Amino acid sequence: MINGVLYRIRIGVQWRDVPERYGPWKTVHERHRRWSAAGTWELLLQRVQAEADATGDIDWDVSVDATSVRAHSARSPSRPSRSGSARDRQDSA
């Protein structure tokens, strides 16, 4: 069942497309839904992380590549863009 959930998350398929070898898709989906609501997945993650941290098997360093971060400026409605809108160009003509 756990492998069925992991398969679905890793591959990105619909629940109905989870291979039968993991059990009936409805059973896998229902167990995942119940465990999510109960916080079981979060608890499992915390325990695995704590064990890996205790044995030195986890690296907590985080790196962020700023070249992939994009932002846009918010313009006030009274201030058109540099090129102006089509209405602005019509009004000035």
Side-chain angles (χ1 to χ4, degrees):
M1 192 284 309
I2 292 174
N3 285 335
V5 172
L6 295 176
Y7 176 88
R8 193 245 178 204
I9 292 169
R10 184 176 56 248
I11 303 300
V13 298
Q14 298 294 320
W15 284 109
R16 292 173 192 243
D17 296 330
V18 171
E20 187 65 31
R21 67 180 175 263
Y22 300 120
W25 72 266
K26 288 183 180 184
T27 303
V28 175
H29 172 262
E30 183 62 22
R31 182 82 47 89
H32 170 67
R33 192 185 64 74
R34 284 188 310 198
W35 282 21
S36 292
T40 304
W41 290 116
E42 188 67 30
L43 178 64
L44 288 172
L45 176 62
Q46 289 171 0
R47 288 189 179 175
V48 168
Q49 285 177 332
E51 185 177 318
D53 191 31
T55 59
D57 293 334
I58 195 167
D59 183 7
W60 292 102
D61 291 335
V62 176
S63 177
V64 177
D65 181 2
T67 60
S68 64
V69 177
R70 296 181 182 200
H72 68 279
S73 62
R75 287 180 253 157
S76 79
S78 63
R79 192 171 162 210
S81 66
R82 288 183 184 162
S83 62
S85 68
R87 176 177 273 168
D88 293 337
R89 287 191 296 272
Q90 275 182 341
D91 291 342
S92 65

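Note that the structure is predicted; figures quoted are calculated from it, not measured.
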Q. Among the clusters formed by ILVMFWY side chains lying less than 4.5 Å apart, do Leu45 and Met1 turn up in the same one?
A. no
Q: Determine, step by step, whether Val5 and Trp41 satisfy the side-chain contact (heavy atoms from CB on, under 4.5 Å) criterion, reporting the C-alpha distance in whole Å, the side-chain angles of both residues, the deciding distance to 0.1 Å, and the verdict.
A: CA-CA 11 Å; Val5 172; Trp41 290 116; 3.8 Å; yes
**Q.** Summary of salt bridge (Lys or Arg N to Asp or Glu O under 4.0 Å) pairs that have at least one residue in residues 10-32, sequence neighbours excluded
**A.** Glu30-Arg33
Q.
Looking at every heavy atom in both Arg8 and Val13, which two are closest together, and how far apart are they?
A. NE-O, 3.1 Å
Q. Of all heavy-atom pairs between Asp53 and Ile58, which one has the smallest distance, and what is that distance?
A.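 Minimum heavy-atom separation between Asp53 and Ile58: CA-CG2, 3.4 Å.
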(Q) Evaluate Trp35 against Leu43 for side-chain contact (heavy atoms from CB on, under 4.5 Å), listing each step before the verdict. (A) CA-CA 10 Å; Trp35 282 21; Leu43 178 64; over 6 Å; no
(Q) Tell me whether Thr55 contacts the main-chain N or O of Glu51 through its side chain, where contact means a donor paired with an acceptor under 3.5 Å. (A) yes
(Q) Would you say CZ of Arg47 has more than 12 non-hydrogen atoms from neighbouring residues, nucleotides or ligands within 6.0 angstrom? (A)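 For Arg47, atom CZ is not crowded (no more than 12 foreign heavy atoms under 6.0 Å).
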Q.
Side chains of His32 and Trp15: any donor to acceptor distance under 3.5 Å?
A.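 Note: Trp15 and His32 side chains miss the donor-acceptor criterion.
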**Q.** Heavy-atom side-chain contact between Ile2 and Tyr22 under 4.5 Å
**A.** no
